[in-house]
Q: 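After the structure tokens below, expect a handful of questions from me.
Values below: all heavy atoms of this structure, side chains included; hydrogens, waters and symmetry mates excluded.
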Amino acid sequence: MCGMPSGESKQASVHEPEPVRPTEEDRVAAAGSELIGGPLGRRALTGTSWWTPVRIIALVAIGMFALGLVQKAPCYNGAWFFGASSQYTHACYSDIPHLYQGRGFADGLVPYFDKIPGDMQYLEYPVLTGVFMEVAAWLTPGSGSIQDQAQWYWMANAGMLMVCAAVIAVCVTRTHTRRPWDALLVALAPAFALTATINWDLLAVALTAAAMLMWARGRSLAFGVLLGLATAAKLYPMLLLGPLLVLCWRAGRWREYGRALGGAVVAWAVVNVPVMLFAFDGWSKFYTFSQERGVDFGSFWLIMAQNSSDPLSTDTVNTLATLLMLLCCAGIAALALTAPRRPRFAQLAFLVVAAFILTNKVYSPQYVLWLVPLAALARPKWRDFLVWQACEVAYFLGIWMYLAYTTSGDAHKGLPTDGYHWAIGLHLLGTLYLCAMVVRDILMPERDPVRRSGEDDPSGGVLDGTEDVFVLGPAARPARHATHFEGPQIEWGTTGATGGSL
């Protein structure tokens with residue numbers, strides 16, 4: 001029997017901020033909601049049943065992940081094993097089944113310790129990813145044909161990666177507590193579903209999403225530990241320490257940054273040092289391979305190389321790419337220290353990872369997974385997100401059609417080189433477009449979908465609502481407001497800012 005709510009619960013409900021509903025502030029989200037009956041009504045009872053936002057979004061993410069598995073079915077049933085180009089014409093390629101035998105897992109070789117027959121003497125992945133791959137090999141039956149084993153190996157990895165996808169959805173949902181439905185951007189992202197099982201990147205993405213959640217909850221040490229583990233699985237998560245340094249510098253939060261940095265270093269060392277001490281050659285293969293690898297798919301460097309009679313050497317490209325990345329980092333730091341209001345952590349995290357992707361000498365299609373959760377937190381606007389996703393899906397199809405063209409011999413089935421260059425250009429322009437939108441939000445906070453609702457930095461943890469102690473240039477002046485902006489003008493950076501909590 002249901003009783004009347006107590007006075008205490010009534011008071012709590014009065015002071016608790018209402019969740020933001022994207023269908024009330026985003027026209028694309030409102031239009032899309034018509035497929036499931038239209039926007040949520042104002043009198044709808046949310047959070048009063050089992051169907052909470054986090055559970056709904058997790059189930060949607062798992063459903064989309066399952067659709068991605070179905071998309072790989074033509075390859076699972078034969079294209080990975082028979083015919084050089086059919087896995088490309090069906091756009092269902094995955095590294096996972098190929099590396100089961102190619103990296104010695106089928107033969108029971110221990111990653112980093114045992115040499116692999118062939119040109120690649122050791123596994124060229126970071127240690128935690130190698131552990132993930134080895135666990136999947138333990139779950140793979142050793143009987144049957146090599147095709148049967150490779151199929152089992154892919155399914156074992158797919159099951160583990162599905163858990164990572166669910167973790168990502170849950171963490172993004174809970175990072176911005178007033179905006180849980182923004183995580184539907186992650187769950188429904190088509191490029192996310194298409195690329196989730198190409199490689200093992202979801203492990204690092206899940207650990208990074210969990211680290212972002214810990215920072216949002218003010219747990220700087222846990223953030224550092226998870227980020228260190230993420231960096232032990234893939235190199236890109238360490239980039240987040242850069243923008244966090246600048247934000248903590250501006251806010252004077254050195255102690256919290258020190259905890260985060262210390263936790264990251266210790267966690268990374270716990271995973272890497274044992275392998276480094278006893279199998280240094282195998283451990284270092286990831287780093288030497290990254291350095292020696294030439295210009296490869298998806299980068300503007302490839303367009304330059306394929307249109308030049310005298311392409312740049314690998315060493316020259318490494319140097320120029322590093323300089324470009326450092327220049328981008330300097331620009332992001334300058335933006336963070338001179339913006340009218342201290343940028344949100346998710347905004348700078350997105351920008352620095354996007355800068356790495358744009359300047360790197362290779363862009364594998366699964367790298368889009370690095371950006372999807374950060375994009376949902378940095379710019380939760382359906383129109384801009386879908387524009388970017390459309391460009392990424394076009395690139396996803398473009399690279400496989402290009403590989404089909406290069407592997408089909410005289411038949412030339414697929415996309416020629418010039419067409420592939422257009423696909424690369426779409427990927428670059430789509431990413432740059434989303435970066436431009438994030439930069440605009442930083443310079444004009446009233447344009448920011450998160451801050452328009454009166455919040456400061458819900459993913460910022462100790463930075464949320466904290467006063468600035470070090471600013472440069474225009475940051476010392478009041479924030480500029482968007483032209484013809486209608487709505488409350490919010491004063492940022494005060495201890496008592498709306499939505500801020502220390």
Q: Do side-chain atoms of Tyr257 reach the backbone of Leu241 as a donor and acceptor pair under 3.5 angstrom?
A: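 At least one qualifying donor-acceptor pair exists.
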Q: May I ask you to decide if Ala251's main-chain N or O and Thr466's side chain share a donor-acceptor pair within less than 3.5 Å?
A: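 No, the answer is negative, given that no donor and acceptor are paired below the 3.5 Å cut-off.
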Q: Enumerate the side chain to side chain donor-acceptor pair (under 3.5 Å) contacts for residues 77-90, please, sequence neighbours excluded, ordered by first and then second residue.
A: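 Listed by first then second residue: Gln87-His98.
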Q: Could you state the interatomic distance from OG1 (Thr175) to CG (Asp182), rounded to the nearest 0.5 Å?
A: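 Between Thr175 OG1 and Asp182 CG, I get 10.5 Å after rounding to 0.5 Å.
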Q: Considering only residues two or more places apart or on different chains, which pairs with a residue in residues 432-444 satisfy salt bridge (charged side-chain N to carboxylate O under 4.0 Å, His left out)?
A: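 Pairs touching residues 432-444 that pass the test: Arg379-Asp441.
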Q: Inspect the surroundings of CH2 in Trp254 and state if more than 12 heavy atoms from other residues, nucleotides or ligands are less than 6.0 Å away.
A: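 Yes, because the 6.0 Å sphere around CH2 of Trp254 holds more than 12 heavy atoms from other groups.
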Q: Heavy-atom distance under 4.5 Å between the side chains of Val372 and Gln389, does that happen here?
A: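 Val372 reaches Gln389 side chain to side chain.
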Q: Apply the ring-ring contact (aromatic ring centres under 6.0 Å, His included) test between Tyr363 and each candidate in Phe300, Phe297, Tyr395; give the one that qualifies.
A: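 For Tyr363, the ring-ring contact (aromatic ring centres under 6.0 Å, His included) check succeeds only for Tyr395.
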Q: State the OG-CG distance between Ser313 and Leu320, to the nearest 0.5 angstrom.
A: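 That separation rounds to 9.0 Å.
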Q: Check whether any side-chain heavy atom of Phe396 lies under 4.5 Å from a side-chain heavy atom of Ile198, and answer yes or no.
A: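 Counting from C-beta outward, Phe396 and Ile198 do come under 4.5 Å.
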Q: Would you mind reporting whether Thr314 and Glu292 have side-chain heavy atoms less than 4.5 Å apart?
A: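 Side-chain contact under 4.5 Å: no.
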Q: Test of understanding: with disulfide bond (SG atoms under 2.5 Å apart), list the residues that count as partners of Cys92, not counting sequence neighbours.
A: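 Listed in chain order: Cys75.
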Q: Under 6.0 Å from the CD atom of Gln71, do we count more than 12 heavy atoms belonging to anything else shown?
A: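 Yes.
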Q: Keeping Ser364 on the side-chain end and Tyr367 on the backbone end, is there a donor-acceptor pair under 3.5 Å?
A: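 No; judged by distance alone, with no hydrogens or angles, the pair does not exist.
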Q: Go through Thr417 and Thr406 one step at a time and tell me if the side-chain contact (heavy atoms from CB on, under 4.5 Å) criterion holds.
A: CA-CA 9 Å; Thr417 302; Thr406 59; 5.8 Å; no
Q: Taking all non-hydrogen atoms of both residues, which atom of Pro237 and which atom of Leu227 are closest, and how far apart?
A: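 Of all heavy-atom pairs spanning Pro237 and Leu227, the closest is O-CD1, 3.5 Å.
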Q: Indicate the atoms forming the closest heavy-atom contact of Val352 with Ala349, along with that distance.
A: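 Minimum heavy-atom contact is CG1-O, 3.3 Å.
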Q: Taking atom CG of Leu434 and atom CG of Leu371, what is their separation to the nearest 0.5 Å?
A: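 Here the rounded value is 8.0 Å.
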Q: Check whether any side-chain heavy atom of Met437 sits under 4.5 Å from a side-chain heavy atom of Lys381, and report yes or no.
A: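 In short, these two side chains do not touch, never coming nearer than 4.5 Å.
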Q: Can you list every side chain to side chain donor-acceptor pair (under 3.5 Å) pair that touches residues 152-162, not counting sequence neighbours?
A: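 Checked against side chain to side chain donor-acceptor pair (under 3.5 Å) - neighbours excluded - the pairs reaching residues 152-162 are Asn157-Trp200.
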Q: Say you draw a straight line from CZ of Arg250 to CG of Asp468; how long is it, rounded to the nearest 0.5 Å?
A: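 Rounded to the nearest 0.5 Å, the CZ-CG separation comes out at 4.0 Å.
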Q: Please list, one pair per line, the donor and acceptor atoms closer than 3.5 Å that link side chains of residues 267-282 to other protein atoms, with sequence neighbours excluded.
A:
| unit_1 | atom_1 | unit_2 | atom_2 | d |
| --- | --- | --- | --- | --- |
| Asn272 | OD1 | Trp283 | NE1 | 2.9 |
| Asn272 | ND2 | Trp268 | O | 2.8 |

Q: Return yes if a side-chain donor-acceptor contact under 3.5 Å exists between Ser459 and Asp457, otherwise no.
A: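 Judged by distance alone, the side chains do pair up.
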Q: Hey, are the side chains of Phe223 and Arg219 touching, using non-hydrogen atoms and a 4.5 Å cut-off?
A: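 No, too far: nothing below the 4.5 Å cut-off.
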Q: Which residues pass the side-chain hydrogen bond (donor to acceptor under 3.5 Å, both in side chains) test with Tyr236, not counting sequence neighbours?
A: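 In terms of side-chain hydrogen bond (donor to acceptor under 3.5 Å, both in side chains), with neighbours along the sequence ignored, Tyr236 is linked to no residue.
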Q: In residues 116-126, what donor-acceptor pairs under 3.5 Å come from side-chain atoms, sequence neighbours left out?
A:
| unit_1 | atom_1 | unit_2 | atom_2 | d |
| --- | --- | --- | --- | --- |
| Glu124 | OE1 | Arg103 | NE | 2.8 |
| Glu124 | OE2 | Arg103 | NE | 3.3 |
| Glu124 | OE2 | Arg103 | NH2 | 2.9 |
| Tyr125 | OH | Asn199 | ND2 | 2.9 |

Q: Taking it one step at a time, do Val225 and Met214 satisfy side-chain contact (heavy atoms from CB on, under 4.5 Å)?
A: CA-CA 10 Å; Val225 170; Met214 289 299 100; over 6 Å; no
Q: With Lys72, which residues qualify under salt bridge (Lys or Arg N to Asp or Glu O under 4.0 Å), at least two apart?
A: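 Here no residue qualifies.
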Q: I'd like to know if the side chain of Thr195 and the backbone of Gln366 have a donor-acceptor N/O pair within less than 3.5 Å.
A: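 No; zero donor-acceptor contacts below 3.5 Å.
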Q: Looking only at heavy atoms, what is the nearest atom pair of Gly130 and Tyr112, with distance?
A: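 Distance-wise, the nearest heavy atoms are CA-OH, 3.3 Å.
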Q: What residues form a salt bridge (Lys or Arg N to Asp or Glu O under 4.0 Å) with Arg293, not counting sequence neighbours?
A: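 For Arg293, the residues satisfying salt bridge (Lys or Arg N to Asp or Glu O under 4.0 Å) (neighbours in sequence not counted) are Asp296.
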Q: Any side-chain to backbone donor/acceptor pair from Ser408 onto Tyr405? Under 3.5 Å, distance only.
A: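 Yes, because the side chain of Ser408 sits within donor-acceptor range (under 3.5 Å) of the backbone of Tyr405.
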Q: Restricting to non-hydrogen atoms, name the atom on Leu161 and the atom on Leu203 that form the minimum distance, rounded to 0.1 Å.
A: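 For Leu161 and Leu203, the tightest heavy-atom pair comes out as CD2-N, 4.5 Å.
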Q: Rounded to the nearest 0.5 Å, how far apart are OG of Ser220 and CG of Leu261?
A: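 With rounding to 0.5 Å, OG (Ser220) is 11.0 Å from CG (Leu261).
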Q: Distance-only, no hydrogens or angles: does the Thr338 side chain make a donor-acceptor pair with backbone N or O of Leu472 under 3.5 Å?
A: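 Not confirmed, Thr338 side chain does not pair with Leu472 backbone.
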Q: Name all pairs fulfilling the salt bridge (charged side-chain N to carboxylate O under 4.0 Å, His left out) condition that reach into residues 345-360, sequence neighbours left out, sorted by first residue then second.
A: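 Salt bridge (charged side-chain N to carboxylate O under 4.0 Å, His left out) check on residues 345-360 returns no pairs.
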Q: Could you go step by step and tell me if Leu351 and Cys435 meet the side-chain contact (heavy atoms from CB on, under 4.5 Å) rule?
A: CA-CA 6 Å; Leu351 289 177; Cys435 289; 4.0 Å; yes
Q: Grab the two heavy atoms, one from Ile168 and one from Pro373, that are nearest each other, plus how far apart they are.
A: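 Of all heavy-atom pairs spanning Ile168 and Pro373, the closest is CG2-CG, 3.8 Å.
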Q: Shortest non-hydrogen contact from Leu202 to Cys164?
A: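 That would be O-CB, 3.7 Å.
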Q: Are any non-hydrogen side-chain atoms of Val368 and Phe192 less than 4.5 angstrom apart?
A: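 Side-chain contact under 4.5 Å: no.
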Q: Could you list the residues that satisfy salt bridge (Lys or Arg N to Asp or Glu O under 4.0 Å) with Asp201, not counting sequence neighbours?
A: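 Result, salt bridge (Lys or Arg N to Asp or Glu O under 4.0 Å) vs Asp201: Lys234.
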Q: Give the C-alpha distance, both sets of side-chain angles, the deciding distance and a yes or no for side-chain contact (heavy atoms from CB on, under 4.5 Å) between His421 and Asn307.
A: CA-CA 10 Å; His421 290 172; Asn307 286 282; 3.2 Å; yes
Q: Quick one: pull up CG in Asp456 and CZ in Arg342 and give me the separation to the nearest 0.5 Å.
A: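 Nearest 0.5 Å value for the CG-CZ distance: 6.0 Å.
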Q: In the structure I gave you, are the side-chain heavy atoms of Leu327 and Thr359 within less than 4.5 Å of one another anywhere?
A: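 Leu327 does not reach Thr359 side chain to side chain.
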Q: Partners of Arg344 by salt bridge (Lys or Arg N to Asp or Glu O under 4.0 Å), sequence neighbours excluded?
A: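 Partners of Arg344 by the salt bridge (Lys or Arg N to Asp or Glu O under 4.0 Å) criterion, ordered by chain and then number, come out as Asp448.
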Q: If you define the side chain from C-beta out and look only at heavy atoms, does anything of Cys391 sit under 4.5 Å from Thr431?
A: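 No; the side chains remain at least 4.5 Å from each other.
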